[in-house]
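The next block holds one structure in the form of C-alpha cells; read it before the comments.
Each chain gets a letter, A, B and so on, in the order its sequence line appears, and its residues count up from 1.
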Amino acid sequence: MNSREIRSKFLTFFKEKEHKIVPSAPLVMKDDPTLLFVNAGMNPFKEFFLGIARAEHPRVADTQKCLRVSGKHNDLEEVGRDTYHHTLFEMLGNWSFGDYFKAETIAWAWEFLTEVCGISKDQLYVTVFEGSEDEDKLEMDQEAYDHWKKILPESRILMGSKKDNFWEMGDQGPCGPCSEIHVDIRPEAERKANPGAELVNRDHPQVVEIWNLVFMQYNRKADGSLEPLPEKHIDTGMGFERLCMVLQGVSSSYDSDLFVPIIREIETISGVSYGKAEDTDIAIRVIADHIRAVSFAIADGQLPGNTGAGYVIRRILRRAIRYGFSFLGMHSPFMFKLVDVLTRIMGEAFPELKAQRQLIVNVIREEENSFLKTLEQGLSLLDQTLKGTQGKTLDGEKAFELYDTFGFPIDLTSLILRERGYSLDQAGFEKSMQAQKDRSKAASEINRDDWVQVHQGEGSQFLGYDTLEAEARLIKYRKVESAKDGERYQLVFDNTPFYPEGGGQVGDKGYLEASNGNVTYILDTVKENNEILHITKNLPKDTKAEFRAVVDEQQRKRTASNHTATHLLHQALRKVLGTHVEQKGSAVHSNYLRFDFSHFAKLSEEELEEVEAFVNARIAEKLPLEENRQVPVKEALAAGAMALFGEKYGDTVRTVRFGKSIELCGGTHVANTADIWHFKITSESAIAAGIRRIEAISSDAARDFYLEAGTTLEALKGILKGSKDPIKAVSQLQEENAGLRKELEQLKKERAGNLKEDLRSQIQEQAGVNFLLKKVDLDAAGMKDIAFQLGGEVDNLFLILAADQGGKALLTCYISKDLAADKGLNAGQIVRELGKHIQGGGGGQPFFATAGGKDPGGIPAALEAAKAYL
RNA sequence: GGGGAAUUAGCUCAGCUGGCUAGAGCGCCUGAUUUGCAUUCAGGAGGUCACCGGUUCGACUCCGGUAUUCUCCA
C-alpha cells in the first residue's frame with residue numbers, strides 16, 4: 001500500500017464512522033505564544049479540551065503536520081543518526097469532543113489496524129495505565145483493560161507507568177490515562193525466539209509505538225489536585241511515517257515511499273549512494289528529513305530568520321547544508337533542487353506545497369548561498385586562529401567565538417581540527433556555551449503566579465468592534481515577573497473593549513476606572529488560549545469593584561486607520577503587480593504599518609506611485625466598512641475573501657470588506673475609508689528571496705509627514721532667498737561648491753609650495769645638520785605636510801615648526817631618519833621637553849612628533865630651547 | 001528579548017598594543033607591448049575610514065551613543 005492510499009484509508013475509515021474530516025492546521029501557531037510550532041496532533045484543538053470554546057462537530061479526524069526539534073525524545077541533533085526520528089511528521093488522529101469514549105476508540109483503532117491495514121494480530125501489543133502510588137492515588141485504568149480484553153489475549157496487554165501512560169498537556173488542564181498500541185516488526189524467527197512484550201517501550205527500533213489513545217477524563221487544577229471532567233474527550237495520534245514503514249514491510253521510515261524518492265534525488269545530485277557508509281547515510285537521512293520540515297514551514301508562511309520560529313527553521317536548514325557540505329561534498333546550493341520531488345510526493349495531500357513551490361525554492365536557495373558564505377568566512381577565520389595557536393589543541397573559548405559570533409558550526413570545527421591533527425578543547429567550549437545560555441535565561445526568566453479568581457463567570461467577551469468603553473468585572477488575575485519589565489499583572493475581565501495583539505495588529509492601551517474614581521493604566525493587551533489578558537503595572541486597589549474599561553481612542557483610531565490601509569495596500573499590490581502577490585506577514589502599529597508580500601523584484605518608482613494612488617483613490621471613494629462576524633470559512637472563501645495561512649478548522653470567521661477588498665480578519669478597522677485621510681509609502685525593501693516589504697503611514701502620521709516636509713521646504717526656500725526652484729538652486733550651489741573646493745585646494749597647494757620654498761631657503765647648516773626652527777601660520781595638518789615634503793627634499797634635516805592656532809600652541813618636530821639614528825635624537829622626546837614651555841605635552845615617533853599646549857606665549861622660549869639639541 | 005561581532009576604494013578585504021602623510025588584490029581609465037584565446041609592463045583616477053559625540057598634542061585604531069548587517073542563545 002503506498003502512503004497516499006494509507007492516508008486516504010485512514011480518513012475514509014473515520015469518515016464512515018461519522019467523523020468530520022478536516023485539513024491539517026498550519027504548522028505555525030499564530031494565536032499561541034507558548035508554542036512555536038504545532039508539535040502534536042491535538043494542538044489545533046486545545047481550546048476545545050480546555051473548555052474555552054465549543055467544537056462545531058463532536059467527531060473529527062485529520063492528518064496534522066507536526067514539527068519537533070526539541071523535547072525529551074527528539075533532539076534536532078539526533079535526527080538522521082537513527083532510522084526512525086523525524087523533525088516533520090504527520091500525525092493521524094481521531095477526536096471526540098464530549099462524544100464517544102474508550103469503548104469506541106479502542107474498537108475502532110483495532111479494526112483499522114488489523115482489518116483495514118491488515119497488520120497481523122500477533123504482532124500487536126497494547127499498554128494500559130497501571131495506576132499510581134503517588135499523591136494523585138490514581139487507580140488502574142480497568143475500563144480500558146476490559147475493552148482490550150475483549151479483542152486480544154491478556155498476555156499482550158501490558159501495564160504502563162504514569163510516565164508512559166498518563167498524559168498531561170502541561171502543569172494544569174485536562175489530562176488522563178492513555179493506551180498505546182505497539183507493533184513488533186522484527187523477522188518472524190526473532191519474534192519467536194524473543195517475545196516482543198519485553199521490548200515494548202525500550203527504544204527498540206523495530207518494536208515501536210504507532211498509536212496513542214488518550215482518554216481525557218480529569219482536570220489538573222492549579223493546586224495540583226485532580227477533578228473529573230464533566231465532558232470526557234478522546235485525543236489520538238498515530239505516527240503516519242511509522243505506519244507507512246510497517247505497512248510497506250520496511251524497517252525504517254526512511255525506506256518508505258515517503259522518503260525513497262527524495263533519497264534517490266539526493267543520490268543523483270551528490271553522486272553518493274545510500275547504504276554505502278554510515279557517515280554518508282546519516283547525511284542523506286538528515287537532508288531528506290530536513291527538506292520536508294523547511295519546505296512545509298515556508299509553505300505555511302514561516303520564513304527562515306534570526307529570531308523565534310524563523311530561527312528554528314534556519315537552524316534546521318543549516319544543519320542539512322552542513323551535513324551535505326561535510327559528508328557529501330556539496331559546496332554549492334543543492335537543497336532547493338529537492339523541492340520538486342517533495343512536491344510530487346506530498347503536493348496532493350498538502351496543496352500549499354504546490355501553491356508555494358517557487359517561493360520555497362527561492363527562499364531555500366538564497367539561504368543556502370548566504371550560509372555557504374558564512375562557512376567560507378569561518379574557514380578562513382579558523383585558519384587564522386590555528387596559525388596563532390600554540391600546541392595542538394584549539395582553545396574552547398576560541399572555538400565558541402567562531403560558533404557564537406561568526407556562526408561557524410562546532411562540528412565542522414572539530415572535523416577540520418581532526419583532519420589537521422589538532423584536537424578541540426570540548427570542555428572549554430561547553431563552558432562558554434553554558435555561560436551564554438545562562439545569560440539568555442536570566443534575561444528572559446518569567447515567573448508566573450497562580451491565577452487568583454475574583455468573580456465567577458466566563459471571561460473575555462470582546463466588545464471592541466462596537467465600543468471603546470465598557471463596564472467590566474474582573475474574573476481573575478495573576479502576577480508575572482520578568483527581568484525586563486519587572487512586576488506586571490495580567491487581568492481577565494468578563495467584557496472588554498480592548499483589542500488583544502493579533503493578526504499583526506498591536507494590542508490596545510487605555511485605562512480602568514473604578515467606581516470610586518481610582519484609575520489603573522492598561523499598558524498592553526494580549527491573547528493567550530483565547531483569553532484576553534490586560535497587562536498593568538499595578539493591581540487595582542479594589543479588585544471586586546465595577547470598572548469602566550476605556551481604550552485609548554487616539555491610538556486605536558490610528559491603528560485602525562493603518563489596518564484598513566493595510567487591506568487596501570494588499571488589494572492595490574495584487575492589482576498593480578499581479579495575483580501572485582500574497583501576504584507573508586504584517587505589522588499594524590499606531591504610527592506606521594508594515595506589509596511583507598511575495599514578489600520577485602524590486603518595485604519601480606512608477607509601481608510604487610501607482611500603488612499609492614490606488615489606495616488613495618479607495619480612500620477618496622469613501623468606502624464604508626461592511627463586516628460579517630460569523631461566516632463559515634467556506635462561505636467566506638466563496639465570496640472571494642482573501643484566505644491567509646493561519647485559519648484552521650472549526651472557526652467561523654469574520655470578514656472585513658471595503659469595496660472590492662474582502663479579507664478574513666479579526667482586527668479593528670475604520671468605519672469608512674475616508675477616515676484614513678491619506679496613505680503614503682515610506683520605504684520598500686527586500687527581506688528574503690522573493691519577499692518584499694513595504695512600510696507606510698496613514699492618517700495623523702501622514703499629515704505630520706507632509707506638514708514637516710512643507711516646513712522644511714519653506715525653510716529651505718527662505719535660505720535660498722525665496723528661489724522658485726529650490727531643487728535647481730541647490731544643485732547649482734553644489735556644483736559651484738565643488739568647483740570652488742577644487743580651486744581652493746589648488747590655491748592651498750600653491751601657497752604651501754611658496755611657503756615651502758620660503759622655509760627651505762631659510763634652512764641653515766651646522767656640523768652637517770640642516771636645521772630650521774621657525775614659527776609659522778599653519779594648522780597641525782599643514783605643518784605635518786610641509787615637514788614631510790621638506791624631509792623628502794633635504795637630507796639630514798632637523799626641523800621644528802611652531803604655530804599659534806586659536807590660542808593653542810602647536811609644535812612639530814621632524815628629524816631625518818638617518819640623522820635621528822646617527823645622533824641618537826628622538827623627536828618624541830624632544831617635543832615632550834619643548835612642550836613644557838607651552839604648558840603642554842606630546843609625543844610621536846623618533847623621526848616625527850607633535851606637541852600641543854595652552855600657552856602660545858611660550859613659543860619663542862621653546863624654539864630657543866630647541867637649539868640645545870643641535 | 002539577551003549576548004557577541006562587523007561597517008575602510010566600484011567589489012573582496014589588510015591595517016598588531018593610538019603617531020609608517022590610509023594599503024593590497026580584482027575591477028576601471030590612459031599608454032606601450034601582444035593580438036594564439038583569462039597576455040605582460042608602465043602610469044592614473046577613485047576613500048567625510050557607517051554616522052554623532054567624547055578622551056588625547058595626535059583617533060581608522062580607545063570610550064559612549066545611533067543606524068545597518070551578520071551571528072549565537074532563549
Side-chain angles (χ1 to χ4, degrees), chain A residues 33-34 36 69-70 304-312 314-315 318 367 369-378 380-381 384 387-388 397-410 413 429-430 432-446 482-486 683 685-688 737-738 741 752 779-792 801-805 808-814 817 820 826-856 858 862:
Chain A
T34 60
L36 290 177
V69 288
S70 60
N306 59 359
T307 52
Y311 184 57
V312 174
R314 174 168 284 169
R315 255 169 57 202
R318 289 190 167 188
E367 275 289 312
N369 272 321
S370 86
F371 184 53
L372 288 169
K373 220 167 155 186
T374 317
L375 286 184
E376 210 175 301
Q377 206 183 16
S380 81
L381 276 167
Q384 247 173 27
K387 269 182 202 153
E397 256 173 71
K398 291 243 172 73
F400 181 74
E401 189 196 342
L402 271 173
Y403 168 73
D404 180 51
T405 304
F406 300 102
F408 196 69
I410 187 63
T413 301
F429 177 82
E430 298 293 342
S432 301
M433 185 69 151
Q434 196 53 48
Q436 149 96 314
K437 286 187 176 175
D438 291 344
R439 250 200 322 272
S440 281
K441 219 173 200 168
S444 64
E445 185 114 13
I446 300 175
S482 70
K484 187 172 171 284
D485 296 330
S683 89
S685 57
I687 59 163
N737 186 37
R741 192 179 290 185
D779 62 3
M783 287 196 287
K784 188 176 191 179
D785 204 37
I786 290 267
F788 275 89
Q789 281 188 36
L790 284 174
L801 297 175
D804 173 359
Q805 287 283 309
K808 281 180 111 182
L810 297 171
L811 291 177
T812 298
C813 176
Y814 182 96
K817 281 185 180 167
N826 186 321
Q829 226 159 23
I830 292 173
V831 105
R832 241 184 308 259
E833 289 292 322
L834 301 179
K836 288 175 185 163
H837 295 282
I838 53 168
Q839 293 188 36
Q845 305 136 89
F847 79 104
F848 180 81
T850 57
K854 285 181 283 194
D855 180 20

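B:G27 and B:A42 are spaced 15 Å apart, taking the P atom of each and rounding to whole Å. To the nearest whole angstrom, the two C1' atoms, one in B:A9 and one in B:C29, are 15 Å apart. The same atom, P, is picked in B:U40 and in B:U34; the two are 15 Å apart, to the nearest Å. Comparing the same atom, P, in B:U12 and in B:U7 gives a spacing of 12 Å after rounding to whole Å. When the P atom is compared between B:G31 and B:U71, the two are found 46 Å apart, to the nearest whole Å. Spacing between B:U56 and B:G10 at atom C1', rounded to whole Å, works out to 35 Å. With P as the reference atom, B:G18 and B:U61 are 11 Å apart, rounded to whole Å. Comparing the P positions of B:C62 and B:A24 gives an interatomic distance of 23 Å, to the nearest angstrom.
Looking at heavy-atom distances under 4.0 Å, A:G843 makes contact with a base. Contact annotation for A:G840: no contact, since no heavy-atom pair falls under 4.0 Å across all strands. When heavy atoms are screened at a 4.0 angstrom cut-off, A:G407 is found touching the sugar-phosphate backbone but no base atom.
Among the nucleotides B:A5, B:G3, B:C57, the one closest to the side chain of A:L810 is B:C57. With distances taken from any side-chain atom of A:F406 to the nucleotides B:A5, B:A74, B:G4, the minimum falls on B:A5. The side chain of A:Q789 has B:U21 as its nearest neighbour among B:U71, B:U21, B:C72. When the nucleotides B:C20, B:A74, B:C57 are ranked by their closest atom to the side chain of A:T850, B:C57 comes out on top. Side-chain proximity of A:F788 to B:C57, B:C20, B:C73: nearest is B:C20.
When both distances must be under 3.5 Å, the Watson-Crick or G-U wobble mate of B:G1 is B:C73. Summarising the base pairing, B:C49 is matched to no nucleotide, lacking a Watson-Crick or G-U wobble pair whose two defining distances lie under 3.5 Å. Pairing for B:C20 is absent, judged as Watson-Crick or G-U wobble with the two contacts each under 3.5 Å. Shown here, B:A38 forms no base pair; nothing in the strands shown gives a Watson-Crick or G-U wobble contact with both key distances under 3.5 Å. Within the shown strands, nothing qualifies as a pairing partner of B:U61 under the Watson-Crick or G-U definition with both distances less than 3.5 Å. Pairing of B:U56, defined by two Watson-Crick or G-U wobble distances under 3.5 Å, is not identified with any nucleotide. Pairing of B:U68, defined by two Watson-Crick or G-U wobble distances under 3.5 Å, is identified with B:A6.
Residue A:K373 has no polar side-chain atom (N or O) positioned under 4.0 Å from OP1 or OP2 of B:A6. Contact annotation: A:Y403 side-chain N/O to B:C73 OP1/OP2 distance is under 4.0 Å. At least one side-chain nitrogen or oxygen of A:R318 sits closer than 4.0 Å to the OP1 or OP2 atom of B:U71. Within the structure, a side-chain polar atom (N or O) of A:R314 is placed less than 4.0 Å from OP1 or OP2 of B:U71.
The aromatic rings of A:F788 and A:F848 lie tilted to each other, with the angle between the two planes from 30° to 60°.
Here the rule is side-chain contact (heavy atoms from CB on, under 4.5 Å) with A:T850, and of A:V831, A:L801, A:L811, A:T812 only A:T812 fits it.
Rounded to whole Å, atom C1' of B:C73 lies 15 Å from atom CD1 of A:I410.
A:M433 contributes atom CE, which lies 7.0 Å from atom CD of A:Q436 (distance to the nearest 0.5 angstrom). Separation of atoms CG (A:L381) and NZ (A:K398) is listed at 12.0 Å; rounding is to 0.5 Å.
A residue-by-residue look at A:R832 and A:F408 shows that A:R832 has its nearest nucleotide of RNA chain B further toward the 5' end.
Within a 6.0 Å sphere centred on CD of A:E430, heavy atoms belonging to other residues, nucleotides or ligands number more than 12. Residue-environment remark: CD (A:E397) stays at or below the threshold of 12 foreign heavy atoms within 6.0 Å.
A:R832 and A:Q829 share no side-chain donor-acceptor pair at under 3.5 Å.
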